[in-house]
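What follows is a single structure, written as structure tokens, with notes after it.
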Amino acid sequence: NAQQLSWFSQAVSVFGNTNWNARLTANIDLSCFEDKFTPIGNSTHPYVGTFDGQFHTISNLFVEQENDYVGFFGLLNGGATIMNLVLDETCYVKGNIGVGLVGASKVAGTVLLKNLGMEGYVEAITKNAGGILGANTGSASSIVMENCYVTGLVSGNNECGSISGWLGSNGAKVTNCWTSGDLYGMQSEDKYAFRHDNAILTNCYSVNGTQGIIIPLEAVFDGSLCYK
């Protein structure tokens, strides 16, 4: 439930249990916390465990901060796995630099982001907003992203991407991801979904911009995207 999830976030981010694994057993409504939910992982205690949402949904997450690395997960280190989770259209995340479902990653090692969806609003005060991943800071982590999507608005001042504001320059591997969300603060149309230097994108789709395989919005609504 919401109280147990909040307890877990405090255990990681305040008390430093950064390698604890967790899984959700139900959908969770965080409205009872208003703006008091603590992101899981931060600069002092980056998360390195495995979090399995078991295909459940988080609703009414509200995180509004002025610091860097803000999201449902604030900061990950190499070795972390986040999977099987959706933040629905009632969720809102705002921070300075590195903002998303996962705000940022920062240390060497593989970070696996799998089966994640962001349907809410992500906002960066400065830069590197991304629906799934704000920033792979310093291109330190090896990002592997699979089966992720964004339908919500992503906005920032600059250097933002609908799915990731910065995947890095170290060969991130991205497979079966798509976005139909609006984006403000993009670097360019050809980096609409992801900002990166040399990522390997496989079977990735976008309704907007010119990056990846461009599809009509109808392909999302009628389900034909699922067969591509």
Side-chain angles (χ1 to χ4, degrees), residues 8-9 11-13 16-24 38-55 58 63 67-87 93 95 97-118 122 124 127-150 154 159-179 191 193-204:
F8 176 77
S9 72
V12 173
S13 299
N17 297 292
T18 58
N19 63 347
W20 280 13
N21 301 327
R23 62 184 180 184
L24 299 185
T38 300
I40 301 168
N42 54 37
S43 295
T44 304
H45 300 299
Y47 185 61
V48 296
T50 294
F51 189 99
D52 184 356
Q54 295 197 124
F55 298 98
I58 300 291
V63 180
N67 52 288
D68 298 342
Y69 315 142
V70 179
F72 182 66
F73 295 89
L75 184 64
L76 306 179
N77 273 1
T81 293
I82 312 299
M83 60 185 179
N84 308 330
L85 181 69
V86 172
L87 270 58
V93 179
I97 298 173
V99 189
L101 188 158
V102 174
S105 60
K106 200 172 184 181
V107 172
T110 298
V111 169
L112 175 60
L113 306 175
K114 184 175 181 179
N115 302 332
L116 302 176
M118 173 50 103
V122 175
K127 64 178 183 178
N128 293 148
I132 302 299
L133 172 65
N136 177 15
T137 304
S139 302
S141 303
S142 298
I143 303 298
V144 177
M145 186 183 294
E146 301 174 357
N147 309 325
C148 295
Y149 74 91
V150 174
V154 174
E159 296 185 8
C160 299
S162 183
I163 298 177
S164 178
W166 179 241
L167 281 173
S169 56
N170 56 340
K173 296 179 176 63
V174 183
T175 307
N176 298 334
C177 294
W178 62 272
T179 173
K191 290 184 171 65
F194 313 91
R195 285 188 65 253
H196 69 94
D197 276 350
N198 58 357
I200 301 169
L201 308 181
T202 304
N203 206 40
C204 292

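Small disclaimer: the values here were computed from a predicted structure and weren't measured.
Put simply, the side chain of Asn17 never gets that close to the backbone of Val12: no donor and acceptor are under 3.5 Å apart. In this structure, Asn42 contributes its side chain and His45 its backbone to a donor-acceptor pair below 3.5 Å. The main-chain N or O of Asn128 is never found under 3.5 Å from a side-chain atom of Glu159 such that the two would form a donor-acceptor pair.
Atom-to-atom distance recorded for Met118:CE and Ile58:CD1 is 10.5 Å, nearest 0.5 angstrom. Glu146 CD to Lys173 NZ: the interatomic distance, rounded to the nearest 0.5 Å, is 11.0 Å. From Asn147, atom CG reaches atom CG of Asn115 across 5.0 Å, with rounding to the nearest 0.5 Å. Rounded to the nearest 0.5 Å, atoms OG1 (Thr50) and CD1 (Ile82) are 7.5 Å apart. The line from CZ of Arg23 to CZ of Phe8 is 13.0 Å long, rounded to the nearest 0.5 Å. Considering CG of Leu85 and CZ of Phe51, their distance stands at 6.0 Å, rounded to 0.5 Å.
Between Tyr149 and Trp178, the ring planes lie parallel to each other; the angle is under 30°, not in the 30° to 60° tilted range.
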Tell me, with the steps shown, if Val174 and Leu167 meet side-chain contact (heavy atoms from CB on, under 4.5 Å).
CA-CA 9 Å; Val174 183; Leu167 281 173; 3.7 Å; yes

Evaluate the criterion side-chain contact (heavy atoms from CB on, under 4.5 Å) for residue pair Val150 and Ile132; output intermediate values, then yes/no.
CA-CA 7 Å; Val150 174; Ile132 302 299; 3.9 Å; yes

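The shortest non-hydrogen separation linking Ser13 to Gly41 is OG-N, 2.7 Å. The two residues Trp166 and Leu133 make their nearest non-hydrogen contact at O-CD2, 4.3 Å. Across all non-hydrogen atoms, the minimal contact from His196 to Lys191 is O-CE, 3.4 Å. Shown here for Met145 and Cys177, the closest heavy-atom pair between the two residues is CG-SG, 3.8 Å. For the pair Asn176 and Cys204, the tightest heavy-atom approach, listed with the atom from each and the gap, is N-SG, 4.2 Å. Trp20 and Tyr47 get closest at one heavy-atom pair: O-OH, 2.6 Å.
Among residues two or more places apart in sequence or in another chain, the side-chain contact (heavy atoms from CB on, under 4.5 Å) test is passed with Val107 by Asn77. With sequence neighbours left out, Phe194 forms a ring-ring contact (aromatic ring centres under 6.0 Å, His included) with no residue at all. For the side-chain hydrogen bond (donor to acceptor under 3.5 Å, both in side chains) test, no residue two or more places apart in sequence or in another chain qualifies with Ser164.
Checking Asn136, Leu75, Thr110, Leu113 one by one against Ser105, the side-chain contact (heavy atoms from CB on, under 4.5 Å) holds for a single residue, Asn136.
Proximity of Phe72 to Val102: side-chain heavy atoms (C-beta onward) are nowhere separated by under 4.5 Å.
Side-chain polar atoms of Asn170 and Ser139 form no donor-acceptor pair below 3.5 angstrom.
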